[in-house]
Trainee: 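The structure follows.
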Amino acid sequence: MTNLDEIFNSAYKSKVFRRREVLLPDYIPEILPHRDKEIKKVALTLAPSLRGERPSNIFIYGLTGTGKTAVVKYVLRKLKENATGKGVNIGYIYVNVRHRETPYRILADIAEHFNIRVPFTGLSIGEVYNRIIRKISNIETVFIITLDEVDFLVKKYGDDLLYNLTRINEQLSRSKVSLIGITNSLKLIESLDPRVKSSLNEEELVFPPYDAKQLQDILYPRAMDAFVENALDEDIVPLCSALAARDHGDARRALDLLRIAGEIAEREERDRVVKDDVMKARIEIERDRVSDIIKTLPLHGKLVMLSILITTGYGKDYATTGEIYDKYKKIVSTLGFEEITLRRVSGIIGELDMLGIISGRIISRGRYGKTRVINLGGDANTIIEALREDPIMDEILDEEAKWK
DNA sequence: CCTCCACAGGAAGCGCAGGAGT
DNA sequence: ACTCCTGCGCTTCCTGTGGAGG
């Protein structure tokens, strides 16, 4: 073996991980602990497709990381395997609505599964819809379309698309389509058109959150698979489970913590993951999340974020929408930009609140009006760091520092 | 008890960019 | 070249509201 081989080999061979991919969010294990009941229910509902019949539509509720997506994907995979064995045609399509959050993109995504090429924009929604129908109408297949996180779609664009999809069968001659809707919010179904509601809710399934013990049952087998023997301190898995259990029993969060903790240990070329790595992982996850959001903010979004940062005294204090808007106007006028309206700034603040970058609550000060009181939810430095990636923000922050 | 502040947040719509079809 | 489509950031106009002060 030459020197180079040795280098590559030792770089390739991690001291911590054996199969890191087992911890990635889209990995579906062979066994899903504490979800037997749910798997059975989904399987029973979808089973008629093996006889070429259209299965009932299913609606699934549950908070993030409760195994909704995993269960659905798992059952669909098994179903498909079973179908090919029996010579039945079943097609399944999985679309995550959060990543494709407009009706057009969702349809475009579905279309792409059928090998219909659709442009990023330019076609009418109806046209994409028609192309899909034209393409699949005559194929003798049961299609199961899964829409993950539909709440995002309904909240922003209403239920038109859902309504059309539930009625798609009327326009198909030989193929059949059934839908699986997955949502985080229990309130969603109430806001739906009654027609959509009854048709989509043929079967309904609620996924309860995991508790710390159940999270451990999920983590242990995966940790065994993912890590080299003895790479984990004993208290690592319980710690990740406990932290995630506090976070409404989110299994994905628990797996992320475990994986990132491992990556930190690996980066530092240690062969053992310790408690402190988990704590660091927690900070790192938060930093990445904040930085991703701030980076993709439009210019005025960043300026508003900056104004919040300054008016709240870098997180030590509270500020109202009005105070933030005043500060924003000052910043904008020194830069010579055109300012956006209060309405829009209020909207941006609302969005930042929803994203959890800041935390605000609406209060009434009686005579002195009703407003939103805001402070930074998390760490100011994380936000400053993310903002400084934009040269304009960087300059303003330097300027601001001089005044102090 | 009523008023009226300082906004929240819904609805409609505008102008532009990116792209399709004709 | 021209029309038509959507997404995005934004504006305009709007109605709604908890409670301190009169």
Trainee: Whole-Å distance between B:dG19 P and A:Tyr104 OH?
Mentor: 11 Å
Trainee: Mind checking if A:Glu339 touches a base, just sugar-phosphate, or nothing, with heavy atoms under 4.0 Å?
Mentor: sugar-phosphate
Trainee: Output yes when at least one side-chain N/O atom of A:Arg367 is less than 4.0 Å from OP1 or OP2 of C:dA20, else no.
Mentor: no
Trainee: Look at the side chain of A:Arg343 and the base of B:dG10, then say whether one donor and one acceptor between them are separated by less than 3.5 Å.
Mentor: yes
Trainee: Give a yes or no on whether A:Tyr318 atom OH has more than 12 heavy-atom contacts from other residues, nucleotides or ligands under 6.0 Å away.
Mentor: no
Trainee: Check whether any side-chain N or O of A:Ser346 sits under 4.0 Å from OP1 or OP2 of B:dA8, and answer yes or no.
Mentor: yes
Trainee: Choose from C:dT17, B:dG9, C:dT11 the nucleotide whose nearest atom is closest to any side-chain atom of A:Arg344.
Mentor: C:dT11
Trainee: Nearest whole Å is fine: how far is B:dA8 P from A:Glu323 CD?
Mentor: 12 Å
Trainee: Compare the minimum distances between each of C:dC8, C:dC10, B:dA8 and the side chain of A:Thr321, then state the nucleotide with the smallest one.
Mentor: B:dA8
Trainee: Nearest to the A:Ile340 side chain among B:dA8, C:dG9, C:dT11, which nucleotide is it?
Mentor: C:dT11
Trainee: Whether the side chain of A:Arg365 and the base of C:dG18 hold a donor-acceptor pair under 3.5 Å is what I'd like checked.
Mentor: no
Trainee: Answer yes or no on whether A:Arg35 is positioned over the face of A:Tyr210, meaning its NZ or CZ is under 6.0 Å from the six-membered ring centre and within 45° of the axis.
Mentor: yes
Trainee: Tell me: CD of A:Glu338 to P of B:dC16, nearest whole Å?
Mentor: 13 Å
Trainee: Over how many whole Å does the gap from A:Ile363 atom CD1 to C:dA20 atom C1' extend?
Mentor: 12 Å
Trainee: Within the structure, does a side-chain N or O atom of A:Thr341 lie under 4.0 Å from either OP1 or OP2 of C:dC10?
Mentor: no
Trainee: How about A:Phe17 and A:Phe227: are their ring centroids closer than 6.0 Å?
Mentor: yes
Trainee: Between A:Gly369 and A:Arg372, just flag the one whose closest nucleotide in DNA chain B comes earlier from the 5' side.
Mentor: A:Gly369
Trainee: Check the phosphate of B:dG21 against A:Arg131, side-chain N and O only, distance under 4.0 Å to OP1 or OP2. Yes or no?
Mentor: yes
Trainee: Of the nucleotides C:dT6, B:dG9, C:dC10, which has the atom closest to the A:Ile348 side chain?
Mentor: C:dC10
Trainee: Atom CG of A:Leu107 and atom P of C:dT6: how far apart are they, to the nearest Å?
Mentor: 11 Å
Trainee: Within the structure, does a side-chain N or O atom of A:Thr371 lie under 4.0 Å from either OP1 or OP2 of B:dC5?
Mentor: no
Trainee: Could you state the atom-to-atom distance from CG of A:Asn130 to P of C:dC5 in whole Å?
Mentor: 14 Å
Trainee: Verify the neighbour count for atom CZ of A:Arg253: are there more than 12 heavy atoms of other residues, nucleotides or ligands below 6.0 Å?
Mentor: no
Trainee: Could you give the CD-to-C1' distance, from A:Glu351 to C:dC10, as a whole number of Å?
Mentor: 11 Å
Trainee: Less than 4.5 Å apart, side chain to side chain, heavy atoms only: is that true for A:Leu342 and A:Thr321?
Mentor: yes
Trainee: Between C1' on B:dC5 and CG on A:Leu342, what's the gap in Å once rounded to a whole number?
Mentor: 14 Å
Trainee: Taking only side-chain N and O atoms of A:Tyr368, does any of them lie within less than 4.0 angstrom of OP1 or OP2 on C:dG21?
Mentor: yes
Trainee: Checking side-chain polar atoms at under 3.5 Å, does A:Thr66 have a donor or acceptor matched by the opposite partner on A:His248?
Mentor: no
